[in-house]
Amino acid sequence: MKTILIPTKLESAAADTLRAAGYDVVQDADTPLAEQAAQHPDTVGLIVRSEKVTPAIIDALPSLKLIIRAGAGYDNIDIVYARKKSVDVMNTPGANSNAVAEEVIAMVLSAYRHLVDADRTTRAGLWEKKRYMGRELTRKTVGIIGLGNIGRLLVKRLQGFEPTLLGYDHFLARQRAVNIGVAPVSLEEIFSSSDIISLHVPGGPATKNMINADLINLMKDGAVLVNCARYGVVDEEALAAAKAKGKRIMYLTDVHPKDAAGEKPSAPVADLILPHLGASTLEANTLAARRAASQMTAYFADGDTSCVVNGERPEGLNAAHLHLAMMLSALCRKASGGNPLRRIDCTFYGNLRTYRKWFTPPILEGALPDAEKGLMPAAADASLRERGIFFKAREPMDDKPYEDSITLDFFTEKDGVQTVTSVRGLVAEGVPMVSRVDNFHGLYSSLKGNTLFLRYADRPGVIAQIGNALATAGINIDNIVAPIDHATGEALAVLKTDKPVSSAQLRAIGDAIGALSAYTLSL
């Protein structure tokens, strides 16, 4: 009988389902995980919520085959070490989405009607009815940033309040936004027009301080900003500065740098602050428990690995080619100006044709910085479809002599105009390299490290200008290649630098040479 360990306060639905399927289930939310691991070394499956699964825990369970995080995020699990030990890791995405969507509405209603303060003062014997004049949610303009599972559920839950719904999701097709009842607009329009703004984007470098001073200053007096996404998405210093200058903004947050007792950095600027209660509902907990149990049984009974997030590449596929695919995808995103992506066409040459489905996850990761990492091919393909991005792996033409190389074409759209950006790359001596960007051939430049790309009208002296500007900034050039597209008279300078080029430096160099496009890539 297989032993499943559940060292967390998870609804009994998981244990009940697994026991009914013939598993020996140990559920103990009080004993530390390390002690339980020592007591049950025969454990083959582990279901956790926020408990940290470290290399030491994995080593203490020599029979372990599968870890499931009953929730979406899995940064509490060392997925890299788990892979090294041939342990699969899964999560249960979407199980908490409705709970978070409802929490947003609850927080707005609570703030609009002063429920927390009114309860406190009434219990104290006061009668401050006039002080707590509130506002109604009905017919307000609500801006939703991020139209994934939570954002779309929030749209549905708000319908009864007859709102005007504005939405922003850089990676979602405009028509798909319209189809779910949201007017797709820019971030600036959301912040200048909305009475309520709700954030539903991932954390990380791509969204760090995404809600900055410029956007905050566009907000109407009396507007409400709700952050049930991730700590760090809102520049809280900028928000505090705006409020200090008299800007009347209500800030409601449920996210923190660490889920633990102690001082909270958001406290001075927040009007309502909660201890990360988004997923804390009986229904969400039960759904996550049921999904975890069904995934566990399907894994052991049927070999179902579709939800694995740390998948192992098949034998014969070089990891460097997977890394190449991610890098080329990130480059193509930068070269396309970061415009909304509608379609990805890719061609795999040589032996890579056999493994083409395995390239979908790294291409997804490079194209969409907020996408989940380490997905299996089917899940990555589903993620692209969910965002309205068509993904196609083309058959290579037999007369193309590109051995073991990859071509990616990104079809992007801006203001109704579609553009195609194309890159090709290969692995040489173990190093991922880009060989072509659009019609600029013969690049053969490493994608590792810091790379500066400058496209401009070809003429003498431009390279010298670029070199002088970088030297003035204390940046050394490690390598440079600058092919010319003779059909257009344009050149593309690709420079490897010893340190990153800042946004301000990039703008200054681009302006100085009249660049047609300028971007950097640090990988």
Notebook entry, point to check: Distance-only, no hydrogens or angles: does the Asn285 side chain make a donor-acceptor pair with backbone N or O of Ala288 under 3.5 Å?
Noted result: no
Next item on the list: Measure the spacing between NE2 of His200 and CG of Asn149 and express it to the nearest 0.5 Å.
Entry: 11.5 Å
Margin query: Under a 3.5 Å distance rule, please check whether Gln27 uses its side chain to pair with a backbone N or O of Leu10 as donor and acceptor.
Written below: yes
Check: Do Pro362 and Leu324 have side chains that get closer than 4.5 Å, going by heavy atoms?
Finding: no
Item checked: Pairwise side-chain contact, Val108 with Ile105, heavy-atom cut-off 4.5 Å (strictly under) -> no
Notebook entry, point to check: Between the side chains of Thr3 and Asp42, is a donor N or O closer than 3.5 angstrom to an acceptor N or O?
Noted result: yes
Checklist line | Shortest non-hydrogen separation from Ala223 to Ser194 and the atoms involved | finding: CB-O, 3.9 Å
Item checked: 4.5 Å side-chain heavy-atom contact, Cys307 and Arg291 -> no
Notebook entry, point to check: Does the pair Phe410 and Ile344 meet the rule for a side-chain contact (heavy atoms from CB on, under 4.5 Å), with working shown?
Noted result: CA-CA 5 Å; Phe410 275 25; Ile344 300 174; 3.8 Å; yes
Checklist line | Atom pair OG (Ser63) and NE2 (His40), whose distance is rounded to the nearest 0.5 Å | finding: 13.5 Å
Margin query: Tell me the closest heavy-atom pair linking Gly22 and Met1, and the distance in Å.
Written below: O-CG, 3.2 Å
Next item on the list: Would you check if the side chain of Ser329 reaches a backbone N or O of Ala325 as a donor-acceptor pair within less than 3.5 Å?
Entry: no
Notebook entry, point to check: Could you go step by step and tell me if Leu225 and Leu199 meet the side-chain contact (heavy atoms from CB on, under 4.5 Å) rule?
Noted result: CA-CA 8 Å; Leu225 177 62; Leu199 308 178; 4.2 Å; yes
Item checked: Contact check, side chains of Phe191 and Ile145, non-hydrogen atoms, under 4.5 Å -> yes
Notebook entry, point to check: Can you name the side-chain contact (heavy atoms from CB on, under 4.5 Å) partners of Ser503, sequence neighbours left out?
Noted result: Arg507
Note to self: If you compare all heavy atoms of Ala13 against all heavy atoms of Ala289, which two are closest, and at what distance to 0.1 Å?
What the structure shows: CB-CB, 4.3 Å
Check: Which atom names give the shortest non-hydrogen contact between His323 and Pro432, and what distance separates them?
Finding: ND1-CG, 4.4 Å
Check: Does any donor atom in the side chain of Thr8 or Glu51 lie under 3.5 Å from an acceptor atom in the other side chain?
Finding: yes
Notebook entry, point to check: Where the side chain of Asn227 meets the backbone of Thr253, is there a donor-acceptor pair that is under 3.5 Å apart?
Noted result: no
Item checked: Least distance between heavy atoms, Arg333 atom then Gly366 atom -> NE-O, 2.9 Å
Margin query: With a 4.5 Å cut-off on side-chain heavy atoms, are Gln159 and Leu165 touching?
Written below: yes
Next item on the list: Answer yes or no: is there a donor N or O on one side and an acceptor on the other, between the side chain of His256 and the main chain of Leu274, under 3.5 Å?
Entry: yes
Next item on the list: Measure from the side-chain N and O atoms of Asp302 to the backbone N and O of Asp304, and report whether any donor-acceptor pair falls under 3.5 Å.
Entry: no
Notebook entry, point to check: Is the count of non-hydrogen atoms from other residues, nucleotides or ligands lying under 6.0 Å from Arg230 atom CZ greater than 12?
Noted result: no
Margin query: Has Asn91 got a side-chain atom pairing as donor or acceptor with Arg69's backbone, closer than 3.5 angstrom?
Written below: no
Next item on the list: Report yes or no: do Ser522 and Asn450 form a side-chain donor-acceptor pair below 3.5 Å?
Entry: yes
Note to self: I need the single residue from Leu154, Ile150, Thr281, Leu153 that forms a side chain to side chain contact (heavy atoms under 4.5 Å, CB included) with Asn98. Which is it?
What the structure shows: Leu153
Check: How long is the span from the CG atom in Leu166 to the CD1 atom in Ile196, to the nearest 0.5 Å?
Finding: 11.5 Å
Item checked: Criterion side-chain contact (heavy atoms from CB on, under 4.5 Å) on Leu137 and Leu158, from CA distance to verdict -> CA-CA 9 Å; Leu137 175 53; Leu158 284 168; 4.2 Å; yes
Notebook entry, point to check: To the nearest 0.5 Å, what is the distance between CG (Asn212) and CG (Asn217)?
Noted result: 9.0 Å
Checklist line | Residues, nucleotides or ligands: over 12 heavy atoms within 6.0 Å of Glu237 CD | finding: no
Checklist line | Heavy-atom donor-acceptor pair, Asn310 side chain to Val87 backbone, under 3.5 Å | finding: yes
Note to self: I'd like to know whether NZ of Lys220 has more than 12 heavy-atom contacts from other residues, nucleotides or ligands below 6.0 angstrom.
What the structure shows: yes
Checklist line | Asp88/Arg83 ion pair, N-O < 4.0 Å | finding: yes
Next item on the list: State, with a plain yes or no, whether a side-chain heavy atom of Pro7 is found less than 4.5 Å away from one of Val48.
Entry: yes
Next item on the list: Spell out, as yes or no, whether a donor-acceptor pair under 3.5 Å connects the side chain of Ser193 to the backbone of Ile190.
Entry: no
Notebook entry, point to check: So, Thr297 side chain and Ala293 main chain: donor-acceptor pair closer than 3.5 Å or not?
Noted result: yes
Item checked: Interatomic distance, Ser294 atom OG to Leu18 atom CG [nearest 0.5 angstrom] -> 9.0 Å
Note to self: Side chains of His321 and Phe348, heavy atoms from C-beta outward: is any pair under 4.5 Å?
What the structure shows: no
Next item on the list: Give the minimum heavy-atom separation between Ile47 and Ala70, together with the two atoms involved.
Entry: CG2-CB, 4.3 Å
Next item on the list: Quickly, which of Val308, Leu66, Thr92 forms a side chain to side chain contact (heavy atoms under 4.5 Å, CB included) with Gln295? Name it, please.
Entry: Thr92
Notebook entry, point to check: To the nearest 0.5 Å, what is the distance between CD1 (Ile57) and CD (Gln36)?
Noted result: 9.5 Å
Notebook entry, point to check: More than 12 foreign heavy atoms under 6.0 Å from CZ of Arg19: is that the case here?
Noted result: yes
Margin query: Counting C-beta onward and ignoring hydrogens, is there a side-chain heavy-atom pair between Phe359 and Leu317 closer than 4.5 Å?
Written below: yes
Checklist line | Residue pairs, two or more places apart or on separate chains, that pass side chain to side chain donor-acceptor pair (under 3.5 Å) and touch residues 264-280 | finding: Glu236-Ser266, Lys243-Asp271, Asp259-His276
Next item on the list: Test Asp78 against Thr54 for side-chain contact (heavy atoms from CB on, under 4.5 Å), laying out the working first.
Entry: CA-CA 6 Å; Asp78 192 326; Thr54 63; 5.9 Å; no
Item checked: Enclosure of Lys334 NZ (heavy-atom neighbours >12, cutoff 6.0 Å) -> yes
Next item on the list: Specify whether His114 and Tyr132 have parallel, tilted or perpendicular ring planes, treating 30° as the upper limit for parallel and 60° as the lower limit for perpendicular.
Entry: tilted
